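Note that this is a predicted model, so its numbers are computed, not measured. Residue numbers count from 1 along this sequence.
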Amino acid sequence: MKVNVQAPNFAVKEDLLVFIEKRLQKLEQFYDKIVAADVFLKVQKTSEKENKITEILLSVPGSDLICKKESKTFEAAIDECIQSLERQLKKRKQKERSFA
């Protein structure tokens, strides 16, 4: 799986990149046809603490899966996205099985 991380207006630290890669590789256990993952990290300029926005677009055969979460930290938002995508992938796999 090819991982592409985009973060306009700030530089992503190496440990965050490693964290993202590890979490995304975990998804391959649930669905082995993932082509690529595009990760968008944004910081919203607001007074609220939950200003880190993470968007993950998973390219899979058929239609792409997308997840967008806001949190206090990028790690927390990424974890929430991964959990959501995990559910979506499991559903997709079940649908494929029922049609096979």
Legend entry - Hphob cluster co-occupancy, V35 + I82, side-chain heavy atoms under 4.5 angstrom: no
Inset, instruction - First locate atom SG of C67, then atom CD of E55, and finally report the distance between them rounded to the nearest 0.5 Å. - result: 9.0 Å
Inset, instruction - To the nearest 0.5 Å, tell me how far K22 NZ sits from I78 CD1. - result: 13.0 Å
Legend entry - E80 to S71 - nearest heavy-atom pair and separation: OE2-OG, 3.9 Å
Inset, instruction - Hey, could you give me the CD1/CD distance between I53 and E70, rounded to the nearest 0.5 Å? - result: 4.5 Å
Legend entry - Contacts of type salt bridge (charged side-chain N to carboxylate O under 4.0 Å, His left out), residue K90, not counting sequence neighbours: E86
Inset, instruction - Working to the nearest 0.5 Å, report the span between CD1 of I66 and CG of L58. - result: 9.5 Å
Inset, instruction - May I have the step-by-step check of salt bridge (Lys or Arg N to Asp or Glu O under 4.0 Å) for E96 and K91, ending in yes or no? - result: CA-CA 9 Å; E96 280 183 6; K91 270 187 191 170; over 6 Å; no
Inset, instruction - Output the distance between atom CZ (F74) and atom NZ (K13), rounded to the nearest 0.5 Å. - result: 11.0 Å
Inset, instruction - Only pairs at least two apart or in different chains count here, so list each side-chain hydrogen bond (donor to acceptor under 3.5 Å, both in side chains) that has a residue in residues 57-68. - result: S63-R92
Legend entry - Hphob cluster co-occupancy, V3 + L85, side-chain heavy atoms under 4.5 angstrom: yes
Inset, instruction - Heavy atoms only: give me the nearest Q29-K93 pair and the separation to one decimal. - result: O-NZ, 4.4 Å
Legend entry - Within one Ile-Leu-Val-Met-Phe-Trp-Tyr cluster: F40 and I34, side-chain cutoff 4.5 Å: no
Inset, instruction - Over all heavy atoms of both residues, which pair between F10 and V43 is shortest? Give the atoms and the distance, please. - result: CE2-CG2, 3.9 Å
Inset, instruction - Using modelled atom types only, decide if a donor and an acceptor are shared between the side chain of K42 and the backbone of P8 within a distance under 3.5 Å. - result: no
Legend entry - L16 with L57, same ILVMFWY side-chain cluster at under 4.5 Å: no
Inset, instruction - Please determine if E75 and K52 form a salt bridge, counting it only when a charged side-chain N lies under 4.0 Å from a carboxylate O. - result: no
Legend entry - Ion pair K26/E21, N-O distance below 4.0 Å: no
Inset, instruction - Starting at CG of D38, measure out to CG of N4 and round the result to the nearest 0.5 Å. - result: 5.0 Å
Legend entry - Sub-4.5 Å side-chain heavy-atom contact between V39 and L24: yes
Inset, instruction - Answer yes or no: does atom CD of E48 have more than 12 heavy-atom neighbours from other residues, nucleotides or ligands under 6.0 Å? - result: no
Inset, instruction - Please report the C-alpha distance between Y31 and Q88 in whole Å, then the side-chain angles of each, then the deciding distance to 0.1 Å, and finally whether the side-chain hydrogen bond (donor to acceptor under 3.5 Å, both in side chains) criterion is met. - result: CA-CA 10 Å; Y31 195 78; Q88 291 179 48; over 6 Å; no
